[in-house]
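Counting starts at 1 for both ligands and their atoms, following the listed order.
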Amino acid sequence: MENINELRHLLQQPRNIVITSHRNPDGDAIGSSLALYHFLRKYDHQVQVVFPSEYPDFVAWLPGAPQILIYDNDPQRSTEAVQAADLIFCLDFNSLDRIDKLGEAIAPLDTTKVLIDHHLDPDYFADYMLWRVGASSTSELIYDFMEQLEALEHLDASIGECLFTGILTDTGSFKYSTSPRLFRVVADLLELGIDDTKIQDLVFNSMREKHLRLLGHCLKNRMEIIPEYRTGIISLTRKDYEYFDIQRGDTEGIVNYLLKIKGIKMAAFITEQPTIVKISLRSKGELSVEEIARKHFKGGGHKNAAGGASYKGLRGTIHQLKEILPQYKEAILNED
Ligand code: 5GP
Ligand code: MN
């Protein structure tokens with residue numbers, strides 16, 4: 001980070017700090033936010049984590065999770081917290097419109113903002129930025145941030161559990177976005193005495209029977225393969241949401257099953273939400289789903305994992321995606 005000394009100086013006095021992250025926070029959003037929360041509290045700052053919407057159950061065990069404020073549940077206290085802050089940390093997202101009403105509350109404030117993120121194509125709204133696209137996760141960047149502040153001696157088991165959870169979920173258990181650096185960071189976290197097997201169990205083996213059956217339903221009844229474009233689509237209707245009682249986080253990871261089919265290069269998971277249709281995209285190799293999400297679905301993300309939304313209904317959105325495929329034929333059919 002440029003100006004790290006200036007920020008270090010700012011942090012030398014106790015401040016009123018808000019940490020926020022994106023809507024539908026995933027393991028990395030909550031892991032990085034809570035790790036930073038535990039770290040900053042060591043310096044006698046007042047720290048409040050505020051999310052636009054509720055986090056999923058599989059991260060509810062993380063230390064500090066019960067103290068998080070959720071804008072959807074408590075808009076007034078969330079807005080007050082943001083307005084009272086001297087410093088706002090924005091983690092794991094790169095544009096204030098990713099946090100909806102919370103973003104609208106933050107945008108007009110001239111409060112100092114710090115962005116820590118690894119997504120492509122950021123808006124430059126923050127005063128300080130720690131931004132590295134090559135980082136596996138924002139959690140890895142929180143470790144970098146502590147290192148740059150020369151504060152790694154403050155790592156403890158709570159911070160370690162939060163960071164490990166963020167890294168674990170954003171890399172799909174160390175399958176994507178790995179690097180020698182990442183494994184060194186993880187080695188440091190394990191040396192804090194955290195139980196990595198227990199964390200994997202808490203995060204990945206907490207499904208309800210209904211949701212394992214939902215996975216079966218997706219694969220048996222809702223999956224379409226388009227071999228000529230090496231693309232797979234899984235879509236869920238609003239009725240599926242009702243029947244399987246799908247809550248936040250219950251569909252996490254389903255999109256990745258499509259990439260298990262030999263030859264498949266792009267995977268789409270398209271779901272009918274109350275007002276919008278949400279689209280999750282994954283790819284292998286050089287094909288950029290970030291570009292597809294950004295250009296066609298008002299979204300963004302990473303080269304191989306991105307998302308966006310559409311107002312064209314479920315069938316309309318599936319149709320739109322299929323119509324787009326020929327434009328990306330070269331990248332899709334390219335062997336890399
Ligand atoms: P997921 O498919 O798991 O929801 O998201 C994959 C990646 O795409 C995440 O890094 C997420 O931040 C990004 N992403 C998902 N939906 C959107 C969206 O609507 N807008 C933007 N800008 N990024 C998104
Ligand atoms: Mn992330």
Above 12 or not: heavy atoms from other molecules or residues under 6.0 Å from [atom1] of [X]?
X    : atom1 : result
Q12  : CD    : yes
H154 : NE2   : yes
E153 : CD    : yes
D57  : CG    : no
R77  : CZ    : no
Y257 : OH    : no

For N/O/S atoms only: which one belongs to D28 and is nearest the Mn ion (ligand 2)?
OD2
Salt-bridge test for [X] and [Y]: reply yes if a basic N is under 4.0 Å from a carboxylate O, no otherwise.
X    : Y    : value
R23  : D72  : yes
K303 : E291 : no
R181 : E147 : yes

Residue-ligand contact R294/ligand 1, heavy atom below 4.0 Å
no
K278: heavy atom below 4.0 Å from ligand 1, yes or no?
yes
Among all the protein's non-hydrogen atoms, which is closest to [atom], and how far away is it?
atom                    : result
atom 15 (C) of ligand 1 : G307 CA, 3.4 Å
atom 4 (O) of ligand 1  : S280 OG, 3.6 Å
atom 11 (C) of ligand 1 : R98 NH2, 3.6 Å
atom 3 (O) of ligand 1  : R282 NH2, 2.9 Å
atom 9 (C) of ligand 1  : H119 NE2, 3.8 Å

With a 4.0 Å heavy-atom cut-off (strictly under), which part of E252 contacts ligand 1: side chain, backbone, both or neither?
neither
Report the part of H302 (side chain from C-beta onward, or backbone N, CA, C, O) that has a heavy atom under 4.0 Å from ligand 1; answer both or neither where that applies.
side chain
For the metal site, I want the angle between atom OD2 of D170 and atom NE2 of H118 with the Mn ion (ligand 2) at the apex, to 10°.
90°
Can an N, O or S atom be found in D92 less than 2.8 Å away from the Mn ion (ligand 2)?
yes
Judged on heavy-atom distance to atom 19 (O) of ligand 1, which of A268, G308, A305 sits nearest?
G308
Looking only at non-hydrogen atoms, the one of S21, G253, A306, G300 nearest atom 21 (C) of ligand 1 is G300
